[in-house]
There are 2 protein chains.
Amino acid sequence: MEKLTEMLKAKELKVTPQRLAIFNILYNTNEHPSAETIYKQLQSTHPTMSLATVYKTLDTLKKAQLVQEINVGEDSFRYDATVAPHPHAICLKCNSVIDLETDVLAESAKKVQEDTGFEVISEKLYFYGYCTGCRTK
Amino acid sequence: MEKLTEMLKAKELKVTPQRLAIFNILYNTNEHPSAETIYKQLQSTHPTMSLATVYKTLDTLKKAQLVQEINVGEDSFRYDATVAPHPHAICLKCNSVIDLETDVLAESAKKVQEDTGFEVISEKLYFYGYCTGCRTK
DNA sequence: TTTTATGCAAATTGTTTGCAGATAA
DNA sequence: TTATCTGCAAACAATTTGCATAAAA
């Protein structure tokens, strides 16, 4: 991950195997795993990595704007290496979180700003329902 | 609150002072309080009410579709007696949560459904930024 | 009088923190 | 070599649970 290495250096953060491994998982999945899930996934390749390190690293990456934290209403946070704002669809049956590319966000942010005077910095849009795989019941 | 009394009876749930008090708070505010906040607010009028009861009651009301739970990315949930879907704006400075009435939700749900095949049941839209009171810095 | 709800305290879960030793620069 | 990071264990905070008592139907 050259991208991450660069970004970390730019922020005067050390490039450690743990940080690379965690970012790598997020960068190569669209599953939006939680800290716990990432930790379990790393146990085979990085058996000494602690859960605390996963949390600390996710916090570091979040502050460095390399990952975004998403909050779908579960009891834990999930993480996404795609930082550009985009909606998510959460399947109520299999709990999967799917990235969407609808562009309603920019338009509606502008509308809100005009209508209410609220200055929009970012936005999150979640759809709850059933994914294509779970629709057939 | 006749509405609540009816709804509870319809679901074979008992009408208790605690349930009335908690629903009443939510029904008469637009502050979207957390369980803790509701608990504190009730201490003067209902000094024997326990925090566990607040949690259990909110869960009951949520299941009875009388309140909705919202998750703005804080460490706790907030509650809203308006169950119809509507966007929320969260001020990053004063942490207030404001109800919005923009109607982007219905349109975009339809769009997502057509584009991706994901069957949308409900949606949540959050805007983060600065409220009119906090913009002047 | 029967069933369900409340209130207490203890348990659980996700996350954070302090600190000594390890590692990147 | 020095500043930062990791990993462990303990701490924390939000929420849940078990159970005896209390209250609604």
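Atoms considered below: every heavy atom in the structure, side chains included; atoms not considered: hydrogens, waters and symmetry mates. A, B, ... follow the sequence lines: proteins, then strands. Residue 1 opens every chain. It should be emphasised that the depicted structure is a prediction, and the values quoted were computed from it without experimental measurement.
For A:K14 against C:dT23, no side-chain N or O and base N or O form a donor-acceptor pair under 3.5 Å.
Residue B:T53 places at least one side-chain N or O closer than 4.0 Å to OP1 or OP2 of C:dG7. Under 4.0 angstrom from either OP1 or OP2 of C:dG7 there lies at least one side-chain N or O belonging to B:T48. For D:dT15, one of the phosphate oxygens OP1 or OP2 lies less than 4.0 angstrom from a side-chain nitrogen or oxygen of B:Y55. For A:Q18 and C:dT23, the shortest distance from a side-chain N or O to OP1 or OP2 is not below 4.0 Å. For D:dA24, the OP1/OP2 oxygens have no side-chain nitrogen or oxygen of B:T16 closer than 4.0 Å.
Rounded to a whole Å, the CG atom of A:L58 is 15 Å from the P atom of D:dC5. To the nearest angstrom, P of D:dA13 lies 16 Å from CD of B:E74. Residue B:K11 contributes atom NZ, which lies 18 Å from atom C1' of C:dA5 at whole-angstrom precision. Distance, A:Q43 CD to D:dG7 P: 12 Å, rounded to whole Å. When rounded to the nearest whole Å, the span between CZ of A:R19 and C1' of D:dC5 equals 6 Å. Atom C1' of nucleotide C:dA5 and atom CD1 of B:I22 are separated by 12 Å, given to the nearest angstrom. What separates CG of B:L51 from P of D:dT16 is a distance of 10 Å, to the nearest Å. Look at CZ on A:F77: it is 12 Å from P on D:dA14, rounded to the nearest Å.
In terms of modelled atom types and a separation under 3.5 Å, the side chain of B:T29 and the main chain of B:I25 share no donor-acceptor contact.
When every heavy atom of A:F23 is checked against every heavy atom of A:A81, the shortest pair comes out as CE1-CB, 4.4 Å. The nearest pair of heavy atoms linking B:K124 to B:I70 is NZ-CG2, 4.4 Å.
Set against C:dA25, C:dA5, D:dT15, the side chain of B:L13 has C:dA5 as its closest nucleotide. Closest approach to the B:A52 side chain among D:dA14, C:dA5, C:dA9 is made by C:dA9 (side chain taken as heavy atoms from C-beta onward). Closest to the A:V15 side chain, of the nucleotides C:dA25, D:dA25, D:dA14, is C:dA25. Here the side chain of A:K56 is nearest to one of C:dA24, D:dC8, D:dC5, namely D:dC8.
Positionally, the nearest nucleotide of DNA chain D for B:D59 lies more toward the 5' end than for the other of B:D59 and B:P17.
Side-chain contact annotation: B:Y79 with B:Q68, donor-acceptor N/O pair under 3.5 Å absent. If you check the side chains of A:S34 and A:T37, you find a donor sitting under 3.5 Å from an acceptor.
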